[in-house]
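Reading through the structure tokens given below for one structure.
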Amino acid sequence: MSPFAALSPLVRSGFALSLLLMCLCNIGSSVLAAVRKRYRFAALAAALFLPAYFMWQTVFDLSLSHKTGNAVKVSLSLGSLPWVVWLAVLAVLALLSAALLARNIRYDRTFITPGTIKRYLDGIPCGICCFRENGRVLFSNVYMNRLCAALTGEELLDGNRLRGAADGGIVSALGRVWRFSCRELSFDGAPLYEMIASDITDEYAKTEALRKDRAELSELNRELKEYYIRIDDTVRRREILDAKANIHDEMNRLMLSTVAADGGDTAGLDRIFPLWEKNALLLCREAEETAKGQAKERIEKLAGSLKVRLVWRGAPPDGLTEGERSLFYSAAQEAIVNAVKHAGADELEISFEKTGSGIVCRFENGGTVPRGEARFTGGLHNLSLAAKRRGATLTAETGERFTLSLFFPKNQPIG
């Protein structure tokens, strides 16, 4: 059988190429195994690399000896072996090298390794980054690298810089909306920061739509409240109109009773007089003047009829609008009636105060101060609803004197 050295240069070149590819295959297997910390497989790949490399050097030396006539004894001895032996050794080395490379590749695909984790994290649709306290990045996936480039205009080299760019928590980048969250961990006894960027585009759009619907609902609720206030005002006016009719009927009855009463019947006249006083009080409270210029005279007249002395601490400010003045005189009328009816007062002090936030109108009486917290009922309740509809505020204070305050905010639109 022919020795290996007697083969043609083309056949020997084929052997050399096969051995070179085998060397590269074993180098790759050794690197893959070392990266995955499988050092036994790395050593096996190195063991297969050595004979393949030695055989490749032998073929190279034999090729040079045909030109120079010089070759080392080891090369001449191996070259004298039958070519079938070379082919068998080459086949065994190739089979072992290919099996080892396939095993390393299959291990990377079927077992959890740092490489598989990196590939998985690069495929998920969110950004992940881990960095030290000084900003040194230990790990980042593809999405986080893209987000960093979009937010800072630079590559992801400093985790603290990226955290500062996403300080708001929710940012818009790459045509999507992202929520950034960062938490502190402990790794190898040192602090480690994990930052995650989640795609919340759909949730953000739904939240914005919900916020818009809530604003529309609030506006509708406000309009309904105003509508209810107007209904209450309409019902109140209707009740006042009915009360006026009843008062007028009662006045007619009293007039007839008075005419028919005997002038000498003192007891009968004593029974009729309180009824006249009661109806006069109701008429003064519920009557509405059509002329706006007579509003002050109207409350003055009401106070005089109820024997209440009005003390004006200044005139109504010029800053009050027409609607605010109307509300003020309504409050003054209500304060006079309540001062007589509930406090038994004979004096009512009206004062005004301009502040940076608006105008305050105060009504103080020196009568009996109610105990506990003042509650708005009856006319005061309706007055507070009217004040609310016009953007004003009605409050009551109980101290040495009972004070009713009407506050008109500055630049407040009046209904």
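Not measured: the values here are computed from a predicted model.
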Check: Nearest heavy-atom pair of T152 and A165: which atoms, and what distance?
Finding: CG2-CB, 3.7 Å
Next item on the list: Check whether any side-chain heavy atom of Y193 lies under 4.5 Å from a side-chain heavy atom of R163, and answer yes or no.
Entry: yes
Margin query: Regarding Y329 and Q333, do their side chains bring together a donor and an acceptor under 3.5 Å, going by distance alone?
Written below: no
Check: Roughly how far, to the nearest 0.5 Å, is the SG atom of C148 from the CZ atom of R161?
Finding: 8.0 Å
Checklist line | T201 side-chain N/O to V177 backbone N/O, donor-acceptor pair under 3.5 Å | finding: yes
Note to self: Closer than 3.5 angstrom, by distance alone: can the side chain of D158 be matched with the main-chain N or O of V137 as a donor-acceptor pair?
What the structure shows: no
Margin query: For the backbone of L7 and the side chain of R12, can you confirm whether one donor and one acceptor N or O come within less than 3.5 Å of each other?
Written below: yes
Note to self: So, taking the atom named CG in L19 and the one named CE in M22, what distance separates them when rounded to the nearest 0.5 Å?
What the structure shows: 5.5 Å
Item checked: Within-4.5 Å side-chain heavy-atom neighbours: R103 and F41 -> yes
Next item on the list: Could you tell me whether the side chain of I200 reaches within less than 4.5 Å of the side chain of W178, counting heavy atoms only?
Entry: no
Check: Minimum heavy-atom separation for E194 to C130, with atom names?
Finding: CG-SG, 4.2 Å
Notebook entry, point to check: Side chains of R401 and E349: closer than 4.5 Å at any heavy-atom pair?
Noted result: yes
Check: Looking only at heavy atoms, which two atoms of P409 and A392 are closest? And how far apart?
Finding: CD-CA, 4.1 Å
Checklist line | Test item: N160 side-chain N/O and E133 main-chain N/O as donor-acceptor pair under 3.5 Å | finding: yes
Checklist line | Steps toward side chain to side chain contact (heavy atoms under 4.5 Å, CB included) verdict (I128, S140) | finding: CA-CA 6 Å; I128 301 176; S140 64; over 6 Å; no
Notebook entry, point to check: Do the non-hydrogen side-chain atoms of L348 and V311 ever get within less than 4.5 Å of each other?
Noted result: no
Next item on the list: Locate the shortest heavy-atom distance separating L327 from A386; write the atom from each residue and the value.
Entry: CD1-CB, 4.2 Å
Check: CG/L406 to CD/E334 distance, rounded to the nearest 0.5 angstrom?
Finding: 12.0 Å
Checklist line | Heavy-atom closest pair, residues N365 and A345 | finding: CB-CB, 3.9 Å
Check: Can the positive tip of R146 be found less than 6.0 Å from the middle of the six-membered ring of Y143, inside 45° of the ring normal?
Finding: yes
Next item on the list: Kindly indicate whether the side chain of M55, heavy atoms from C-beta on, has any atom under 4.5 Å from the side chain of L78.
Entry: no
Next item on the list: For residues V171 and A166, report the shortest heavy-atom separation together with the two atoms involved.
Entry: CG1-CA, 4.3 Å
Item checked: Under the ring-ring contact (aromatic ring centres under 6.0 Å, His included) test, residues paired with F180 that sit two or more places apart -> none
Item checked: Charged N-O contact under 4.0 Å between E203 and R179 -> no
Notebook entry, point to check: Do L156 and M144 come close enough that some side-chain heavy atom pair is under 4.5 Å?
Noted result: yes
Item checked: Audit row: F407, I359, side chain to side chain contact (heavy atoms under 4.5 Å, CB included) steps and yes/no -> CA-CA 6 Å; F407 175 67; I359 299 174; over 6 Å; no
Check: Looking at F352 versus F408, is the centre-to-centre ring distance below 6.0 Å?
Finding: no
Notebook entry, point to check: So F15 and W86, would you call those rings parallel, tilted or perpendicular, with 30° and 60° as cut-offs?
Noted result: perpendicular
Notebook entry, point to check: More than 12 heavy atoms of other residues, nucleotides or ligands under 6.0 Å from CZ of R222: is that the case?
Noted result: yes
Item checked: Heavy-atom donor-acceptor pair, D346 side chain to V308 backbone, under 3.5 Å -> no
Check: Given L383 and L385, is the side chain to side chain contact (heavy atoms under 4.5 Å, CB included) satisfied, shown in steps?
Finding: CA-CA 5 Å; L383 183 63; L385 292 177; over 6 Å; no
Next item on the list: Enter the distance from F139:CZ to F131:CZ here, rounded to the nearest 0.5 Å.
Entry: 14.0 Å
Notebook entry, point to check: salt bridge (Lys or Arg N to Asp or Glu O under 4.0 Å) with R309: which residues, sequence neighbours excluded?
Noted result: E347
Next item on the list: First locate atom OG of S384, then atom CG of L394, and finally report the distance between them rounded to the nearest 0.5 Å.
Entry: 6.0 Å
Check: Heavy-atom distance under 4.5 Å between the side chains of L32 and S30, does that happen here?
Finding: no
Next item on the list: Look up atom OG in S351 and atom CZ in F363, then write down how far apart they are to the nearest 0.5 Å.
Entry: 8.5 Å
Margin query: Salt bridge or not between E324 and R390? Use side-chain N to carboxylate O under 4.0 Å.
Written below: no
Notebook entry, point to check: Donor-acceptor pair, W312 side chain versus I350 backbone, under 3.5 Å?
Noted result: no
Notebook entry, point to check: Between the side chain of S97 and the main-chain N/O of L93, is any donor-acceptor distance below 3.5 Å?
Noted result: yes
Next item on the list: Could you give me the CA-CA distance, side-chain angles and deciding distance for S13 and V11, then say whether side chain to side chain contact (heavy atoms under 4.5 Å, CB included) is met?
Entry: CA-CA 5 Å; S13 298; V11 175; over 6 Å; no
